Amino acid sequence: MKEKNTFDKIYDVVGQIPEGKVASYGQIAELAGNRRWARVVGYALHVVPDSMHLPCHRVVTKEGRVSGAFLSGGVNRQARMLEEEGVEIEEDRVDMRKYQWSKRIF
DNA sequence: AACATGACATAAG
DNA sequence: CCTTATGCCATGT
């Protein structure tokens, strides 16, 4: 039996993000085991296979800002998807106080 | 094995 | 607000 690797944990956490909510990289990293894995989370989502169908569009930076290298063509694409799920976007940013998925409320 | 790169977070200046 | 430095994992060369 093999224990889950860091990436698997990250994928697991990301897959648990409910609809209409968003999670920050640091948040996922913390839930996955260590908050310093924020960078690993970014890389994990970068190489994530489509088969996982992870809601990567619900993952944003701590500022509620969508990463620039996310989708080709522009960030607007992602903000659009979040709005469809009920997340309000303002200046390409999300109101973390209201939409961040987590117990940890600002 | 070593080095460089990457969708971040935090601390310090 | 910005830059610089450090931390972590996996991958590519």
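Keep in mind that what you see is a predicted model, and the values were worked out from it rather than measured. In what follows, every heavy atom counts, from backbone to side chain, and hydrogens, waters and symmetry copies are set aside. Here is the naming used below: chain letters follow the sequence lines, and residue numbers restart at 1 for every chain.
Atom-to-atom, NE2 of A/H46 to P of C/dG12 comes out at 10 Å; the value is rounded to the nearest Å. One atom, CE of A/M52, and another, P of B/dA7, lie 20 Å apart when rounded to the nearest Å. In this entry the distance linking CG of A/N5 with C1' of C/dT11 reads 14 Å, nearest Å. Rounded to an integer number of Å, the gap from A/M96 CE to B/dC8 P is 14 Å. Rounded to whole Å, atom P of C/dA10 lies 8 Å from atom CD1 of A/I10. Rounded to whole Å, atom C1' of C/dG7 lies 13 Å from atom CH2 of A/W37. Put simply, CZ on A/R65 is 12 Å from P on C/dC1, counting in whole angstrom units. To the nearest angstrom, C1' of C/dA10 lies 9 Å from OH of A/Y11.
Among B/dA7, C/dC8, B/dC8, the nucleotide with an atom closest to any side-chain atom of A/L45 is B/dA7. Closest approach to the A/S24 side chain among C/dC8, B/dA7, B/dA9 is made by B/dA9 (side chain taken as heavy atoms from C-beta onward).
The number of heavy atoms from other shown groups lying within 6.0 Å of CD (A/E83) is above 12.
A/R58 has a carboxylate O that lies under 4.0 Å from a charged side-chain N of A/E85, or vice versa, which qualifies the two as a salt bridge.
The partner of B/dG13 is C/dC2, judged by Watson-Crick or G-U wobble contacts that both fall below 3.5 Å.
Dashed line: the shortest gap from a side-chain N or O of A/K62 to OP1 or OP2 of B/dC8 is not under 4.0 Å.
Each of A/R36 and A/Y43 was assigned the nucleotide of DNA chain C with the nearest heavy atom; the assignment lying further toward the 5' end belongs to A/R36.
In this structure, A/Y43 and A/H46 have parallel ring planes: the angle between them is below the 30° cut-off, well short of the 60° mark.
A pairwise comparison of heavy atoms in A/A29 and A/W37 identifies CB-C, 3.6 Å as the closest pair.
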